[in-house]
K.L.:
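Pasting a structure below so you can have a look.
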Amino acid sequence: MKGIFPLDKMERLRTPFYYYDAELLRQTLQTIREEVSKHEGFCVHYAVKANANPKVLRIIREAGLGVDCVSGGEIEASVKAGFPSSKIVYAGVGKSDWEINLGLDNDIFCFNVESIPELEVINQLAAQKGKVARVAFRLNPNVGAHTHANITTGLAENKFGIDMRDMLKVIEEASQMTNVKVVGLHFHIGSQILDMGDFEALCNRVNELQNELERHRIRLEHINVGGGLGVDYQHPNRVPIPDFQAYFNTYAKKLKLRDGQTLHFELGRAVVAQCGTLITRTLYIKEGYVKKFCIVDAGFTDLIRPALYQAYHKIENLSSEEPMEAYDVVGPICESTDVFAKQIDINKAHRGDLIAIRSAGAYGEIMASQYNCRQLPVGYISEEL
């Protein structure tokens, strides 16, 4: 699949950089639209934290998705990209006053509230502006997800959200406030989830909570189940688009929506991961007594996931068709954790070869840093090269 990369154009670009396949991104978005259209009341928001490249955001906005933001900066980026305020939801455990005011000033669709103190501040700031803020309570359903421990978020003991045992109490407190309106419940159990059973478990828990609310004559307009659908990092060429059909069908079959309720999703990784690739250049081939090192000019400042999560990314040598050899692919950062992969097989590498680190469209460019005073990588989109 090396032919999907325009090597003649890439050779002229300074490495490392991110390359986004606009055609694949549009195909992914079209698949989402097709699957969502089969189910009444389903709404999809793109999780901006996965990738906020302005060109990527523009394509997602053109596809009609809303956005899920977790900072004031993400709200600003979304507004600048042209997303309507009516499609912006704002989550996050530590919303500062200026960020809340930004959401209020833009009349965003909803604040996903994670604590009673936060609710009180939103009510106070909304009162100062003479506004009523729409809020959904993020509840921890105590559903464990089959994923990395650092990206599971739905357990009871977690910094995110409100314990579900406090659901009625917080709704009651909100009902006494004059400048907030409770419109829904929000959940998110984790990220990079491939087992549909995890989502079924969430559906069962939401059904239980809705039954409990109805016993107290409480019915809400919106249910937000977050995102979490994973991608196939092992086979980005063979499985470039996640199984959205199974994902949305799981909720359609297992979640018991009430008449008139809308179901909101916040997909990030599943939208953009496969369309993005980190392109880096081989600096040196260093041969030890036991192994070979392919030293490249990208480091964990450009893609931190392997160092942070021990995450796997398929790596390909775009410049070589020679027989496969085993390498440790490492970067130039002065840290021993600056390793993209150990003992992986790629076509024999030489100084100057272009190396592709695949499935890097999510949590790649957006998490880049300037540690070691390095420049941030540029993000290019295929249709503009």
Side-chain angles (χ1 to χ4, degrees), residues 32-45 47 64-68 86-91 108-114 116 119 122 132-143 145 153-154 156 160-177 180-190 193 196-229 244-267:
I32 292 172
R33 288 200 304 268
E34 290 173 356
E35 294 302 327
V36 166
S37 69
K38 299 175 183 177
H39 309 291
E40 186 176 354
F42 281 24
C43 304
V44 178
H45 303 259
L65 273 63
V67 282
D68 159 47
S86 61
K87 290 187 175 182
I88 297 176
V89 296
Y90 178 26
I108 64 171
F109 172 68
C110 184
F111 292 85
N112 292 336
V113 173
E114 309 212 15
I116 291 177
L119 178 69
I122 292 175
V132 176
R134 291 175 294 275
V135 303
F137 289 115
R138 176 172 178 174
L139 300 180
N140 286 335
N142 202 25
V143 171
T153 60
F160 300 103
I162 298 167
D163 193 299
M164 60 185 180
R165 292 172 295 186
D166 296 327
M167 175 180 67
L168 291 171
K169 181 176 74 173
V170 297
I171 292 176
E172 173 62 25
E173 289 203 26
S175 70
Q176 306 302 313
M177 299 179 182
V180 295
K181 178 185 178 183
V182 181
V183 297
L185 298 179
H186 176 227
F187 307 87
H188 182 65
I189 59 173
I193 300 170
M196 295 301 141
D198 291 338
F199 299 122
E200 288 187 17
L202 174 59
C203 290
N204 293 336
R205 190 56 48 82
V206 175
N207 292 338
E208 294 171 3
L209 294 174
Q210 289 238 77
N211 291 339
E212 176 68 13
L213 288 174
E214 288 189 339
R215 283 193 286 271
H216 291 82
R217 296 182 174 83
I218 298 172
R219 178 172 289 193
L220 300 173
E221 302 170 49
H222 309 287
I223 301 296
N224 185 326
V225 290
L229 179 63
F244 293 110
Q245 182 180 52
Y247 177 71
F248 290 119
N249 282 349
T250 297
Y251 284 100
K253 293 176 182 177
K254 299 296 182 179
L255 189 62
K256 298 176 182 177
L257 288 178
R258 276 46 177 177
D259 289 342
Q261 272 186 337
T262 58
L263 182 61
H264 296 254
F265 301 86
E266 296 169 345
L267 294 169

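What's counted below: heavy atoms across the whole structure, side chains too, no hydrogens, waters or symmetry copies.
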K.L.:
Within the 4.5 Å heavy-atom criterion, are V132 and V180 side-chain neighbours or not?
P.N.:
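No, side chains not in contact.
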K.L.:
Of all heavy-atom pairs between A91 and D68, which one has the smallest distance, and what is that distance?
P.N.:
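So the minimum-distance heavy-atom pair works out to CB-OD1, 4.1 Å.
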K.L.:
Find out whether I171 and I218 are in side-chain contact, i.e. whether some heavy atom of one side chain is under 4.5 Å from a heavy atom of the other.
P.N.:
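Yes, at least one pair of side-chain atoms sits under 4.5 Å.
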K.L.:
Holding to side-chain contact (heavy atoms from CB on, under 4.5 Å), I want the full list of residues that pass it with Q261, two or more places apart in sequence or in another chain.
P.N.:
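Once residues adjacent in sequence are excluded, the partners of Q261 under the side-chain contact (heavy atoms from CB on, under 4.5 Å) criterion are Q210, I223, L257, R258.
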K.L.:
For the CG atom of L267 and the CG atom of L65, what is their distance to the nearest 0.5 Å?
P.N.:
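With rounding to 0.5 Å, CG (L267) is 8.0 Å from CG (L65).
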K.L.:
List for me each residue that meets side-chain hydrogen bond (donor to acceptor under 3.5 Å, both in side chains) alongside N249, sequence neighbours excluded, and say none if there are none.
P.N.:
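For N249, the residues satisfying side-chain hydrogen bond (donor to acceptor under 3.5 Å, both in side chains) (neighbours in sequence not counted) are H39.
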K.L.:
I'd like to check the salt bridge (charged side-chain N to carboxylate O under 4.0 Å, His left out) partners of R33; sequence neighbours left out, ordered by chain and number.
P.N.:
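Result, salt bridge (charged side-chain N to carboxylate O under 4.0 Å, His left out) vs R33: none returned.
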K.L.:
Can you name the side-chain hydrogen bond (donor to acceptor under 3.5 Å, both in side chains) partners of E173, sequence neighbours left out?
P.N.:
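For E173, no residue satisfies side-chain hydrogen bond (donor to acceptor under 3.5 Å, both in side chains) once neighbours in sequence are set aside.
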K.L.:
Is the shortest side-chain heavy-atom distance between D198 and L202 below 4.5 Å?
P.N.:
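Not touching, per the 4.5 Å side-chain cut-off.
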K.L.:
What pairs with K256 under side-chain hydrogen bond (donor to acceptor under 3.5 Å, both in side chains), at least two apart in sequence or on another chain?
P.N.:
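Testing K256 for side-chain hydrogen bond (donor to acceptor under 3.5 Å, both in side chains), a comparison that skips the adjacent residues, returns none.
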K.L.:
Restricting to side-chain hydrogen bond (donor to acceptor under 3.5 Å, both in side chains), what partner residues turn up for E40, sequence neighbours left out?
P.N.:
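Testing E40 for side-chain hydrogen bond (donor to acceptor under 3.5 Å, both in side chains), a comparison that skips the adjacent residues, returns none.
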K.L.:
Are any side-chain N or O atoms of H188 and backbone N or O atoms of G227, one a donor and one an acceptor, separated by less than 3.5 Å?
P.N.:
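Yes; judged by distance alone, with no hydrogens or angles, the pair exists.
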K.L.:
What closest approach, in Å, do L139 and L209 show between heavy atoms, and which atom pair accounts for it?
P.N.:
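Of all heavy-atom pairs spanning L139 and L209, the closest is CD1-CD1, 4.0 Å.
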K.L.:
In plain terms, say whether K38 and E35 are close enough for a salt bridge, that is, a side-chain N and a carboxylate O under 4.0 Å apart.
P.N.:
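E35 and K38: salt-bridged.
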K.L.:
Search all heavy atoms of E200 against all heavy atoms of T250 and return the closest pair with its distance.
P.N.:
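Nearest pair, atom of E200 first, then T250: CG-CG2, 3.6 Å.
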K.L.:
Which of these passes side chain to side chain donor-acceptor pair (under 3.5 Å) with H45: K87, E266, H264?
P.N.:
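Considering K87, E266, H264, a side chain to side chain donor-acceptor pair (under 3.5 Å) with H45 is found only for H264.
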K.L.:
Would you say the side chain of L255 lies within less than 4.5 Å of the side chain of V206, judging by non-hydrogen atoms?
P.N.:
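The answer is yes, as the side chains (C-beta and beyond) meet within the 4.5 Å cut-off.
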K.L.:
Only counting residues at least two apart or in another chain, list the ones meeting salt bridge (charged side-chain N to carboxylate O under 4.0 Å, His left out) with E221.
P.N.:
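For E221, the residues satisfying salt bridge (charged side-chain N to carboxylate O under 4.0 Å, His left out) (neighbours in sequence not counted) are K181.
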K.L.:
Quick one: closest heavy-atom pair of I162 and V113, and the distance?
P.N.:
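Where I162 meets V113 most closely, the heavy atoms are CD1-O, 4.0 Å.
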K.L.:
Using every non-hydrogen atom in the two residues, find where A136 and C110 come nearest and quote the distance to one decimal.
P.N.:
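Looking at all heavy atoms of both residues, the shortest contact is N-SG, 3.4 Å.
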K.L.:
Taking ring-ring contact (aromatic ring centres under 6.0 Å, His included) as the definition, give me every residue that meets it alongside H186, ordered by chain and number, with sequence neighbours left out.
P.N.:
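Here no residue qualifies.
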K.L.:
Kindly say whether F109 contributes a backbone atom to a donor-acceptor pair with the side chain of R134 at under 3.5 angstrom?
P.N.:
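Indeed, once roles are kept as given, a pair shorter than 3.5 Å links the two residues.
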K.L.:
Where is the tightest heavy-atom contact between F137 and A174, given as atom of each residue plus distance?
P.N.:
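That closest heavy-atom pairing would be CZ-CB, 3.8 Å.
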K.L.:
Side-chain contact test, heavy atoms from C-beta onward, threshold under 4.5 Å: evaluate it for V182 versus V135 and give yes or no.
P.N.:
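V182 vs V135: side chains touch.
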K.L.:
With rounding to the nearest 0.5 angstrom, report the CG to OG1 distance, N224 to T262.
P.N.:
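Separation between the atoms: 9.0 Å.
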K.L.:
In Å, rounded to the nearest 0.5 Å, how long is the span from CD of E172 to CE of M177?
P.N.:
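Reported value, rounded in 0.5 Å steps: 10.5 Å.
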K.L.:
Who passes salt bridge (charged side-chain N to carboxylate O under 4.0 Å, His left out) against R205, sequence neighbours left out?
P.N.:
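Per chain and number, R205 pairs via salt bridge (charged side-chain N to carboxylate O under 4.0 Å, His left out) with E208.
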K.L.:
For E212, check salt bridge (charged side-chain N to carboxylate O under 4.0 Å, His left out) against everything at least two apart and list the hits.
P.N.:
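Salt bridge (charged side-chain N to carboxylate O under 4.0 Å, His left out) list for E212, sorted by chain: R215.
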K.L.:
Quick one: list whatever passes ring-ring contact (aromatic ring centres under 6.0 Å, His included) with Y247, sequence neighbours left out.
P.N.:
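With neighbours one apart ignored, the set is F199, Y251, F265.
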